[in-house]
Amino acid sequence: MRIVDIIERKRNGERLSRAELEAIVLGYTRGEVPDYQVAAWLMAVCWRGMAPDEVAELTQIMAASGRQLDLSRVGRVVADKHSTGGIGDKTSMVVAPLVAACGVPVGKMSGRGLGFAGGTIDKLESIPGFRVELSAEEFLDQLQRIGVVLCGQSADLAPADGKLYALRDVTATVQSIPLIASSVMSKKLAAGAQVIVLDVKVGSGAFMREEPEARALAETMVAIGTAAGRRVAAFVTDMSQPLGRAVGHALEVREAIETLRGAGPPDFTALVTRLATEMVLLAGGEPDRESARARVEATLAAGDGVDKLRELVDAQGGEVAVVDQLERLPRASQVEVLHAPEGGWLAAIDARAIGLATVALGAGREKKGDRIDLAVGMVLHAKVGDRVEPGQPLIEIHANDRGRLEQSRALVRAAYRFSSEPTAPPALIHHVGAL
Ligand code: URA
């Protein structure tokens with residue numbers, strides 16, 4: 001079977017067979033098919049799409065490219081969650097320890113940055129020493145021992161997604177329902193959790209800008225998970241403005257820890273609470289949604305998620321002192337504050353522009369394997385719907401390079417819109433997909 005024929009068939013909009021999908025995906029994972037052929041195939045998928053059963057087959061092939069974990073030795077229902085990616089989305093770093101502190105084990109595989117959006121794995125690497133690559137045995141042992149794992153794809157776990165993901169990041173092939181669905185769900189199926197809660201982002205800072213596409217992505221992923229015998233719920237949530245206040249790796253780790261301490265921004269805390277509630281409920285940790293929510297809120301208020309985060313950081317070789325001494329996180333050399341040029345209500349903060357401005361500071365990759373700057377980013381002082389006075393601080397830019405700061409500043413300035421009329425903040429949760 002020639003790879004070039006497979007690319008041509010997808011370029012012509014044809015449905016590929018399981019054998020063809022295996023040839024390109026597993027061949028790439030083994031290092032036998034070069035980047036340039038896979039990049040051409042990915043671009044053809046972006047334009048031509050895939051049939052629903054083709055996406056399901058691709059997902060199964062990717063999940064089976066490494067080990068598929070059997071979590072029965074954990075002895076309890078394990079929960080997992082995944083976001084499709086957005087700006088300031090540090091949700092997993094809060095939800096995983098929080099749900100584990102509620103007594104429901106969480107075993108989760110995340111990804112690095114993709115396009116204009118940061119990724120949990122890169123963010124976690126701003127904790128000195130934190131190991132993001134675990135073997136299947138390490139994953140299982142840790143899950144059994146402390147009830148929480150947060151790692152990336154590895155040679156053992158979803159290696160096909162690890163390779164495709166890094167290539168998509170730098171070839172403008174992220175925005176595709178079949179590619180996102182197979183990437184997310186291959187990790188979920190390989191990691192083995194019985195409960196999966198999906199957070200599908202919608203808006204300018206998401207890969208799905210409009211609600212119908214976001215719902216289609218949610219439905220595709222729910223169908224794949226359900227067919228594999230998992231309990232899956234999907235939320236479609238707002239990504240028209242950045243989530244919370246911090247954007248950028250170390251800055252987001254800081255905000256995640258502050259949130260676990262009960263001092264997080266209101267929108268982010270509300271989202272974390274809602275997703276964690278659903279995970280506890282679906283895993284049978286509480287009999288109904290009301291008591292699941294009460295359990296999550298009480299756990300958050302008691303600070304038990306912070307204790308669980310310390311255990312997680314320790315288990316994965318990270319410097320535990322960071323959890324209590326946030327000043328040990330990487331810090332940028334320059335912080336510039338931008339002020340409101342006029343008074344009024346904040347009508348929009350274009351999330352994508354803020355994401356691109358953060359990439360411009362050095363937080364994203366232009367080529368595979370590029371080093372990224374973990375210290376740079378933004379801290380928002382006001383959010384959509386807030387009343388601002390002329391000259392009031394709007395946003396901090398944390399930078400390590402003057403030229404990059406200038407480029408970023410121009411993008412940030414263009415992201416803001418003001419109104420002389422009161423503007424309502426966007427609804428945080430747009431839609432909840434049925435189980
Ligand atoms: N998250 C993933 O794991 N993969 C994608 O393609 C997008 C978000």
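Whatever order the structure lists them in is the order used to number ligands and atoms, beginning at 1.
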Exercise. Is there side-chain contact between V77 and V104, with heavy atoms separated by less than 4.5 Å?
Worked result: no
For this session: Could you pull out every protein residue that has a heavy atom closer than 4.0 Å to ligand 1, ordered by chain and then number?
Result: H82, S83, T84, L114, Y165, R168, I180, S183, V184, K187
Exercise. Salt-bridged, E213 to R209, with N to O below 4.0 Å?
Worked result: no
For this session: Could you tell me whether D169 and R112 have a side-chain N and a carboxylate O separated by less than 4.0 Å?
Result: no
Exercise. Do V184 and L217 have side-chain heavy atoms sitting under 4.5 Å apart?
Worked result: no
Problem set entry | Any Q316 side-chain heavy atom under 4.5 Å of I127 side chain | no
Exercise. Hey, are S135 and D156 close enough side-chain-wise for a donor-acceptor pair under 3.5 Å?
Worked result: no
